[in-house]
Amino acid sequence: MIMSTGPQSDPWRVEAERAVTGHYDVVVVGCGGVGSGTLYWLSRRTNGSKRILGLEQFELGHSRGGSQDYSRIVRRMYHVEPYAKLAAASLEAWKELEAEAKHQIVVNCGGLFIADTGHPFIKAYIGSGKKFGIRCEHVTGSELRRRYPQFELDDDYEAVIDYEAGIVDAAQANAVHVALARQRGATVVDNCKVIRTRRLPSGMYEIETSCGLVTCEKMIITAGAWSNQVLGNFGVHVPLTVTQEQVQYYSTPHLQDFLPASFPTWIMNFEETSFYGCPMRGLMATKIAIDAGGAAVTGDTRSFTPDRLNTAKCDRFVKKFLPKAYGPKALVKTCLYTMPPDRNFVVDTLSGYGHSNVIICIGAGHAFKFAGVLGKNLTEMALDRQPVDIDREFFSLYRKALTDPNYPDMCRRFGIRPPEEQSKL
């Protein structure tokens, strides 16, 4: 008989909790996509020369935040320059991880950006492709339908094809990042919540956790929806909107038409809503979702119950534009977005609050594709080096969007609904 062991009787667990004591050079708080990527690059850059600790308040690979799924879009194409530059470095970071792990994590299948003919986004993507030398192509809706007959489109629509886009297996990426970090000596402890943090007279930081007490020279906070809970220890509050989003996986009967070899990732603006989807990967069903269409929640008060209005909206979209994809739902899964008012990343130190050795990264609901390269640049910051891929001013903690209380909140433009308006099954 095979018997499972609980956390208290697991020898690995006991040994890990014993590690939550003493002194570390760097502590990473939050081990989701960006946190696990940071642990990997810290261990790779230092190669055992520094003590590194990763703390995750839930179990590794949990589904409470925004970093766990079968597939996420990766792409080269962005129409905003800081992201366009970062996207190129991101694809390289995934390749470096795959080369070391000897395991494929990213599948190149191409990606589509679809909108009404004449939509300014299309023009912006075409311009970005030319400026940054991205392998892409501008096509009409009818030409797109000829190449990808899964889409029911005519020339009322047009698209840009990003030939460098694909999908990343989120769950595997996190696990591989953590495994290789541990391989180089990093300690990673889950079910270990940060309770409070204070700076000691020596300048070091003392971190009290549910597993023990540690000190460290530097902290990197990658806590997603729980960022402000950790930042509150330093007297810092970032204006963030946390939303409960969801994805639908449709069990299409037309299996071959929606595999990565024959179907791309896609993003489509329709009726002031941004829909997106991925081919089958991991779960043999087609992923379709709405970007930033969920209700405002918190990390602790969110539910795991899908929103029937969101599902109905996706059903209508699929039946209209991707009818062959429609079928029984294999899975409807919720997740969280954590978004500043301008929906741009935050990558900075708390130097403006007197804590230059504390680094913060907030992914704004679209960071997983950048998990590796963000971890790489956070590592450079922790090692007192200049990050080469990050536009520090654009992603600053001290930019106007985060310091001006009158700054327009883009989350409201996306139609984020307050919790009382959320409709649940």
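Just so you know, these numbers come straight off a predicted model, no measurement behind them.
- Ring centroid separation for the pair F151 and F263 comes in under the 6.0 Å cut-off.
- The backbone N or O of R135 lies less than 3.5 Å from a partner atom in the side chain of E164, making a donor-acceptor pair.
- Ring geometry, F270 versus F321: the interplanar angle exceeds 60°, so the pair is classed perpendicular (tilted spans 30 to 60°).
- Between C361 and I220 there is no side-chain heavy-atom pair separated by less than 4.5 Å.
- Side chain of N377 to backbone of V388: a donor-acceptor contact under 3.5 angstrom is found.
- Applying the side-chain hydrogen bond (donor to acceptor under 3.5 Å, both in side chains) test to residues at least two apart or on different chains, the pairs with a partner in residues 121-132 are E81-K131.
- With hydrogens and angles ignored, the 3.5 Å screen pairs a side-chain donor or acceptor of E56 with a backbone N or O of C31.
- Judged by distance alone, the side chain of K287 and the main-chain N or O of S71 form a donor-acceptor pair under 3.5 Å.
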Begin from the C-alpha positions of Q57 and H62 and carry the test side-chain hydrogen bond (donor to acceptor under 3.5 Å, both in side chains) through to its verdict.
-> CA-CA 10 Å; Q57 65 173 327; H62 68 84; over 6 Å; no
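- Looking at E245, its side chain never comes within 3.5 Å of a backbone N or O of V247 through a donor-acceptor pair.
- Across P340 and A364, no two heavy atoms sit closer than the pair CD-CB, 3.7 Å.
- Judged purely by distance below 3.5 Å, without hydrogens or angles, the side chains of Q229 and D300 pair a donor atom with an acceptor atom.
- Under the side chain to side chain contact (heavy atoms under 4.5 Å, CB included) test applied with F368, the options N174, V74, L374 reduce to a single match, N174.
- Electrostatic pairing of D291 and R343 counts as a salt bridge here, judged by a charged N lying under 4.0 Å from a carboxylate O.
- Geometrically, K400 does not engage Y407 in a cation-pi contact defined by less than 6.0 Å to the ring centre and at most 45° from the axis.
- In this structure, T252 and A325 approach most closely via the heavy-atom pair CB-O, 3.4 Å.
- Listed for the D190 side chain is no donor-acceptor partner under 3.5 Å among the backbone atoms of E59.
- Taken to the nearest 0.5 Å, the NZ atom of K313 stands 5.0 Å off from the CD1 atom of I290.
- Counting only heavy atoms from C-beta outward, the side chains of V27 and L53 approach each other to under 4.5 Å.
- Of the inter-residue distances, the one linking D391 atom CG with K85 atom NZ reads 7.5 Å to the nearest 0.5 angstrom.
- Atom OG of S90 sits about 11.0 Å away from atom NZ of K95, to the nearest 0.5 Å.
- A donor-acceptor pair is defined here as one N or O able to donate and one able to accept, closer than 3.5 Å; such a pair exists between the side chain of D162 and the backbone of R76.
- In the displayed structure, K193 atom NZ is contacted under 6.0 Å by at most 12 heavy atoms of other residues, nucleotides or ligands.
- Looking at E206 and R199, their side chains never come closer than 4.5 Å, going by heavy atoms from C-beta outward.
- For W94 and H103, the distance between ring centers is not under 6.0 angstrom.
- The aromatic ring centroids of H355 and Y353 lie 6.0 Å or more from each other.
- The shortest side-chain heavy-atom distance between V242 and M339 does not fall under the 4.5 Å cut-off.
- Summarising the local packing, CD of Q104 is surrounded by more than 12 heavy atoms from other residues, nucleotides or ligands at distances under 6.0 Å.
- Y70 is linked by a side chain to side chain contact (heavy atoms under 4.5 Å, CB included) to Y249, L283, L331, counting only residues two or more places apart in sequence or in another chain.
- Side-chain contact between S43 and L180 is absent, with no heavy atoms from C-beta onward closer than 4.5 Å.
- S356 contributes no side-chain N or O that, together with a main-chain N or O of S351, makes up a donor-acceptor pair within less than 3.5 Å.
- Residues A171 and Q68 approach most closely at CB-NE2, 3.2 Å, considering heavy atoms.
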Under the side chain to side chain contact (heavy atoms under 4.5 Å, CB included) rule, what do Y40 and K376 come out as? Steps first, then yes or no, please.
-> CA-CA 8 Å; Y40 167 71; K376 191 175 185 179; over 6 Å; no
For side-chain hydrogen bond (donor to acceptor under 3.5 Å, both in side chains), just list the numbers for Y24 and R51, CA-CA rounded to whole Å, side-chain angles, deciding distance to a tenth of an Å, and then say yes or no.
-> CA-CA 5 Å; Y24 287 85; R51 295 196 74 203; 3.2 Å; yes
L112 vs T265, side chain to side chain contact (heavy atoms under 4.5 Å, CB included): CA-CA, chis, key distance, verdict | CA-CA 6 Å; L112 308 176; T265 67; over 6 Å; no
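- In terms of modelled atom types and a separation under 3.5 Å, the side chain of R182 and the main chain of V188 share a donor-acceptor contact.
- Note on E100 versus R44: salt bridge recorded, some NZ/NE/NH1/NH2 to OD/OE distance being below 4.0 Å.
- Counting only distance, with no hydrogens or angles, the side chain of R75 and the backbone of M77 share a donor-acceptor pair below 3.5 Å.
- Every residue meeting the side chain to side chain contact (heavy atoms under 4.5 Å, CB included) condition with A223, not counting sequence neighbours, appears here in chain and number order: I221, W226, S227, V230.
- For the atom pair I105 CD1 and E98 CD, the distance stands at 5.5 Å (nearest 0.5 Å).
- In this structure, D169 does not pair ionically with R72, as no charged nitrogen and carboxylate oxygen lie closer than 4.0 Å.
- A salt bridge does not link R281 with D69: none of the charged nitrogens is closer than 4.0 Å to a carboxylate oxygen.
- The shortest heavy-atom contact between T301 and T298 is OG1-OG1, 2.7 Å.
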Test L397 against V238 for side chain to side chain contact (heavy atoms under 4.5 Å, CB included), laying out the working first.
-> CA-CA 8 Å; L397 175 62; V238 180; 3.7 Å; yes
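- Taking the six-membered ring for Trp and the full ring otherwise, W266 and F258 have centroids separated by 6.0 Å or more.
- Distance check: T311 OG1 to Q248 CD gives 4.0 Å after rounding to the nearest 0.5 Å.
- The aromatic rings of F121 and H119 sit tilted relative to each other, their planes meeting at an angle between 30° and 60°.
- Judged by distance alone, the side chains of T334 and R302 do bring a donor and an acceptor atom under 3.5 Å apart.
- Note that the CZ atom of R184 and the OG atom of S49 stand 11.5 Å from one another [nearest 0.5 Å].
- Annotation: Y276 is not in aromatic contact with F113 [ring centroid separation under 6.0 Å not met].
- Aromatic ring centres of Y83 and F345: separated by under 6.0 Å.
- A perpendicular orientation is assigned to the rings of F234 and Y205, their planes being inclined by more than 60° (bins at 30° and 60°).
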Decide yes or no on side chain to side chain contact (heavy atoms under 4.5 Å, CB included) for D116 and N269, but give the supporting numbers first.
-> CA-CA 8 Å; D116 298 338; N269 290 308; over 6 Å; no
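- For the pair R64 and F58, the cation-pi test (distance below 6.0 Å, angle within 45°) is passed.
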